[in-house]
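Everything quoted here is computed from the prediction, not taken from an experiment.
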Amino acid sequence: MSIDRHRSCSPVDLWYLSLITPLSSPIGQQIFARSFHCAFDRLHPYFEAQERNYFCGVACASILLNALSSSPKWTQSTLYSTVAQTYMLHGITLTNLSNVLRKCGLSSIIRHCEDETIEEQFRRDIKNEQNFLIVNYWRQFEGNDKNYPLRYGHFSLVAAFDEITDQVLLLDTSNAKHPQHWLGVKQLIRMMSTFDRTATMSRGYLIVNHTKNNQTNDLNSNSTSIK
């Protein structure tokens with residue numbers, strides 16, 4: 001897929017709430033029991049809902065930083081005020097979220113969904129037990145006026161993968177509206193393969209590999225070190 005194709009290929013046939021299975025449901029629990037969920041075990045103790053509407057990326061970053069830190073103490077407010085604010089304007093792009101993590105001591109790989117090989121690559125990445133993934137994807141909901149659907153970009157952490165149903169578990173930080181849920185890989189790939197006008201490129205996902213990030217820097221205890 002080229003970037004020009006992304007500009008006109010928002011998956012308007014995908015209505016988000018019709019595609020997801022809540023983790024708390026009986027089916028969601030059955031899927032979880034057989035799934036590969038090492039990431040969930042590490043991330044869930046530090047999960048928290050986003051504090052502001054546009055803090056989905058910040059919330060994902062603080063959860064991951066605390067999960068990988070030897071002394072977890074990041075809050076969304078601290079991360080925003082000391083690092084992320086510089087990179088944000090009513091939200092954050094995939095590249096800038098990678099920059100925030102780098103400032104905090106976590107290196108990441110950025111994968112933009114720009115060609116047909118991305119689905120195969122994504123499947124390899126989610127099967128690597130050392131990887132933590134933050135996905136940046138487009139979502140669509142029915143609004144109060146059915147002629148004006150709600151459409152926007154979002155960030156979530158991938159917490160598990162089930163091969164049988166081919167679904168990933170997303171730790172959605174807009175938890176009050178959409179609790180943790182399962183979503184099909186093919187649908188997620190389509191949502192990540194949309195064009196982000198702010199970034200002027202496609203969306204995608206970040207990979208943070210635990211073996212390459214054994215310990216994060218506690219920058220929040222010394223904010224003056226952040227340039």
- prompt: Once the angle between the rings of H178 and F141 is folded into 0 to 90°, is it parallel (under 30°), tilted (30 to 60°) or perpendicular (over 60°)?
  reply: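 Geometry flag for F141 against H178: parallel rings.
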
- request: Specify whether H37 and F40 have parallel, tilted or perpendicular ring planes, treating 30° as the upper limit for parallel and 60° as the lower limit for perpendicular.
  value: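 Ring orientation of H37 relative to F40: perpendicular.
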
Note: R34-D162 ion pair, threshold 4.0 Å (strictly below): yes

message: Check this for me, if you would: do E163 and K127 make a salt bridge, where the nitrogen-to-carboxylate-oxygen distance has to be below 4.0 angstrom?
response: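 Answer for the salt bridge query: yes.
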
Is a side-chain donor or acceptor of [X] paired with a backbone partner of [Y] at a separation under 3.5 angstrom?
{"X": "S69", "Y": "S71", "answer": "yes"}
{"X": "Q140", "Y": "L14", "answer": "yes"}
{"X": "T200", "Y": "R197", "answer": "no"}
{"X": "H181", "Y": "L169", "answer": "no"}
{"X": "Q180", "Y": "L23", "answer": "no"}
{"X": "R42", "Y": "A67", "answer": "yes"}
{"X": "H112", "Y": "S202", "answer": "yes"}

message: Could you walk me through whether Q29 and S24 satisfy the side-chain hydrogen bond (donor to acceptor under 3.5 Å, both in side chains) test, starting with their C-alpha distance in whole Å, then the side-chain angles of each, then the deciding distance to 0.1 Å, before giving a yes or no?
response: CA-CA 6 Å; Q29 287 294 298; S24 59; over 6 Å; no

Looking only at heavy atoms, what is the nearest atom pair of [X] and [Y], with distance?
{"X": "L150", "Y": "G143", "value": "CG-CA, 4.1 Å"}
{"X": "L65", "Y": "C104", "value": "CD2-CB, 3.6 Å"}
{"X": "G57", "Y": "I92", "value": "CA-CG2, 4.3 Å"}
{"X": "G28", "Y": "T21", "value": "N-CG2, 3.9 Å"}

Do the side-chain N and O atoms of [X] and [Y] include a donor-acceptor pair separated by under 3.5 angstrom?
{"X": "S174", "Y": "Q50", "result": "no"}
{"X": "R190", "Y": "Q187", "result": "no"}
{"X": "E48", "Y": "Q76", "result": "yes"}
{"X": "D172", "Y": "H154", "result": "yes"}
{"X": "T95", "Y": "S98", "result": "no"}

message: Under 6.0 Å from the ring centre and within 45 degrees of the ring axis: does the NZ or CZ of R151 meet both conditions for the six-membered ring of Y16?
response: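 That pair does not qualify as a cation-pi contact.
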
field: Cation-pi geometry met for R203 and Y137 (6.0 Å, 45°)
entry: no

field: Audit row: F36, F161, ring-ring contact (aromatic ring centres under 6.0 Å, His included) steps and yes/no
entry: CA-CA 5 Å; F36 176 75; F161 173 60; 8.1 Å; no

- request: Verify the neighbour count for atom CD1 of I110: are there more than 12 heavy atoms of other residues, nucleotides or ligands below 6.0 Å?
  value: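 It does: I110 CD1 has more than 12 such atoms within range.
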
task: Count the heavy atoms of every other residue, nucleotide or ligand shown that sit under 6.0 Å from CG of N53, and state whether that count exceeds 12.
output: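 Result for CG/N53: open.
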
task: Can you measure from CZ (R111) to CG (D125) and round to the nearest 0.5 angstrom?
output: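 Separation between the atoms: 4.5 Å.
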
message: Can you list everything that forms a side-chain contact (heavy atoms from CB on, under 4.5 Å) with N66? Sequence neighbours excluded, please.
response: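 Listed in chain order: Y46, P72, W74.
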
